[in-house]
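Take a look at the structure below.
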Amino acid sequence: MRYELVIFDNDGVLVDSEPISNTLLAGYLTELGHPTSYEESLRDYMGAAMHRVHDLVLERTGQRLPEDFDEVFHGRVFAAFERELEPVAGVVEVLEKLTADGVPYCVGSSGSHERIRVGHRKTGLDKWFGDGLVFSSQDVGRGKPAPDLFLYAAERMGVAPEKCVVVEDSPLGVQAAVAAGMDVYGFTAMTPAERLVGVNGLFADMRELPRLLA
């Protein structure tokens with residue numbers, strides 16, 4: 001493989017969480033008087049850290065979300081994860097292949113460490129991602145589309161950015177990877193291919209990924 005590190009986004013790439021979390025986010029925002037459809041939630045917030053939700057609502061309405069917004073939202077999300085969350089189809093086979101080939105990998109996610117861990121425990125992916133392999137927007141000052149998170153992950157893993165490849169499913173994540181000077185492959189299971197501008201390649205089935213990275 002021509003890359004020395006594979007950095008995976010988490011939500012929608014490792015765990016099939018985007019339908020769950022965006023349904024809940026759209027519902028909660030609507031409940032608070034900020035009507036939001038599921039499609040609008042995907043468009044505006046998929047791949048973003050929570051501060052983007054606060055920033056966009058304030059920018060558009062002049063109103064701040066409640067102080068306990070994140071706590072309430074994450075409580076709802078974690079409860080739904082325990083009931084419904086599954087790994088993305090084919091991702092275990094990809095991790096098995098990378099491990100067998102001796103290719104290092106890690107997670108670079110906009111989600112909190114707690115959110116990542118809850119999802120991994122539920123889906124069994126915690127087996128593949130030890131403490132030193134999980135990086136969150138909590139670890140850096142700015143989340144995606146800023147490059148900070150991916151650059152931080154590469155630094156911690158001891159790999160130069162140009163030798164890293166990112167696996168992403170959101171426009172914000174693709175922008176972050178490009179800004180970090182990394183190659184990036186776009187997963188189109190949920191995101192229209194035309195929204196993932198700047199990628200090195202596109203794929204709709206996770207099982208296709210090892211061939212693209214070879």
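Model, not experiment: these values are computed from the prediction.
Taken together through direct or relayed side-chain contacts under 4.5 Å among Ile, Leu, Val, Met, Phe, Trp and Tyr, Phe73 and Met46 form parts of separate hydrophobic clusters. Residue Leu85 is not grouped with residue Leu42 when hydrophobic side chains (ILVMFWY) are merged at heavy-atom distances under 4.5 angstrom, including chains of intermediate members. When hydrophobic clusters are built by joining Ile, Leu, Val, Met, Phe, Trp and Tyr residues whose side-chain heavy atoms come closer than 4.5 Å, directly or via intermediates, Ile7 is grouped together with Tyr3. A continuous path of ILVMFWY side-chain contacts below 4.5 Å connects Met206 to Leu196, so both sit in one hydrophobic cluster. In terms of hydrophobic clustering, with Ile, Leu, Val, Met, Phe, Trp and Tyr side chains grouped at heavy-atom distances under 4.5 Å, Val178 and Leu213 are assigned to a common cluster.
Rounding to the nearest 0.5 angstrom, the gap separating the CD1 atom in Ile20 from the CD atom in Glu84 is 4.5 Å. Atom-to-atom distance recorded for Glu208:CD and Thr188:OG1 is 8.0 Å, nearest 0.5 angstrom. Distance check: Leu212 CG to Asp183 CG gives 11.5 Å after rounding to the nearest 0.5 Å. Taken from CZ in Arg195 to CE in Met190, the straight-line distance is 10.5 Å, to the nearest 0.5 Å. Atom OG1 of Thr23 is separated from atom CD of Glu18 by 10.5 Å, given to the nearest 0.5 angstrom. We find the CG-CE distance between Asp55 and Met50 to be 11.0 Å, quoted to the nearest 0.5 Å.
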query = Could you walk me through whether Phe150 and Phe135 pass the ring pair (Phe, Tyr, Trp, His ring centres under 6.0 Å) check?
reply = CA-CA 9 Å; Phe150 291 142; Phe135 305 101; over 10 Å; no

task = Decide side-chain contact (heavy atoms from CB on, under 4.5 Å) for Glu114 and His74; before the verdict, give the C-alpha distance in whole Å, the side-chain angles of both, and the deciding distance to 0.1 Å.
result = CA-CA 9 Å; Glu114 183 183 14; His74 284 129; 5.8 Å; no

ask   = For Glu82 and Val118, what are the C-alpha separation, side-chain angles and deciding distance, and is it a side-chain contact (heavy atoms from CB on, under 4.5 Å)?
value = CA-CA 8 Å; Glu82 293 294 345; Val118 168; 4.0 Å; yes

message = For a side-chain contact (heavy atoms from CB on, under 4.5 Å) check, start with the C-alpha distance between Arg117 and Val134, then their side-chain angles and the critical distance, and finish with the verdict.
response = CA-CA 9 Å; Arg117 286 302 182 202; Val134 176; 3.4 Å; yes

task = Would you please test Val197 and Val174 for side-chain contact (heavy atoms from CB on, under 4.5 Å) and show each step?
result = CA-CA 7 Å; Val197 178; Val174 169; over 6 Å; no

request  = Would you please test Phe203 and Tyr185 for ring pair (Phe, Tyr, Trp, His ring centres under 6.0 Å) and show each step?
outcome  = CA-CA 8 Å; Phe203 65 106; Tyr185 285 84; 7.3 Å; no

task = Decide salt bridge (charged side-chain N to carboxylate O under 4.0 Å, His left out) for Arg121 and Asp126; before the verdict, give the C-alpha distance in whole Å, the side-chain angles of both, and the deciding distance to 0.1 Å.
result = CA-CA 5 Å; Arg121 283 195 300 269; Asp126 53 344; over 6 Å; no

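Between the Glu155 side chain and the Tyr152 main chain, no donor and acceptor come within less than 3.5 Å of each other. Within the 3.5 Å criterion, the main-chain N or O of Val103 finds no donor-acceptor partner in the side chain of Asp101. At distances below 3.5 Å, at least one donor-acceptor pair connects side-chain atoms of Thr30 with backbone N or O atoms of Ala26.
Across all non-hydrogen atoms, the minimal contact from Ser136 to Ile116 is CB-CD1, 4.2 Å. Closest of all the heavy-atom pairs between Cys164 and Val159 is SG-CG1, 3.7 Å. Counting all heavy atoms, side chain and backbone alike, Thr123 lies closest to Gly119 at OG1-O, 2.8 Å. The two residues Ser170 and Gly47 come nearest to each other via the heavy atoms OG-CA, 3.6 Å. Considering every non-hydrogen atom in both Asp148 and Val140, the closest pair reads O-CG1, 3.9 Å. Nearest heavy-atom pair, Ser137 versus Ser110, reported as atom, atom and distance to 0.1 Å: OG-O, 2.7 Å.
Residues Thr61 and His34 meet the side-chain proximity criterion, which asks for heavy atoms closer than 4.5 Å. In this structure the side chain of Leu209 never reaches within 4.5 angstrom of the side chain of Phe187, judged on heavy atoms. The side-chain heavy atoms of Val88 and Val13, taken from C-beta on, include no pair separated by under 4.5 Å. Looking at heavy atoms from C-beta onward, Trp128 lies out of side-chain contact with Leu14 at the 4.5 angstrom threshold. Between Pro19 and Tyr38 there is a side-chain heavy-atom pair separated by less than 4.5 Å. The closest side-chain heavy-atom distance from Leu29 to Leu65 is below 4.5 Å. Counting heavy atoms from C-beta on, the side chains of Val15 and His120 come closer than 4.5 Å. Two residues are said to be in side-chain contact when any heavy atoms from C-beta on lie closer than 4.5 Å; Val166 and Asp9 fail this criterion.
Remark: the Asp169 side chain and the Thr191 side chain contain no N/O donor-acceptor pair separated by less than 3.5 Å. Residues Tyr45 and Asn22 bring no donor and acceptor atom of their side chains to less than 3.5 Å of each other. When only modelled atom types and interatomic distance are considered, Ser21 and Arg115 share a side-chain donor-acceptor pair under 3.5 Å.
Heavy atoms from other residues, nucleotides or ligands lying under 6.0 Å from CD of Glu67 number 12 at most. The environment of Arg156 atom CZ is sparse: at most 12 non-hydrogen atoms of other residues, nucleotides or ligands sit within 6.0 angstrom. By the 6.0 Å contact criterion, CG on Asp68 is enclosed, its count of non-hydrogen atoms from other residues, nucleotides or ligands being greater than 12. Annotation: Arg64, atom CZ; neighbour count of heavy atoms from other residues, nucleotides and ligands within 6.0 Å does not exceed 12.
The aromatic rings of Phe78 and Phe81 sit tilted, their planes meeting at an angle between 30° and 60°.
Geometrically, Arg76 engages Tyr28 in a cation-pi contact, judged by NZ or CZ lying under 6.0 Å from the ring centre and within 45° of the ring axis.
Between Lys144 and the options Arg52, Glu168, Gln175, a side chain to side chain contact (heavy atoms under 4.5 Å, CB included) holds for only Glu168.
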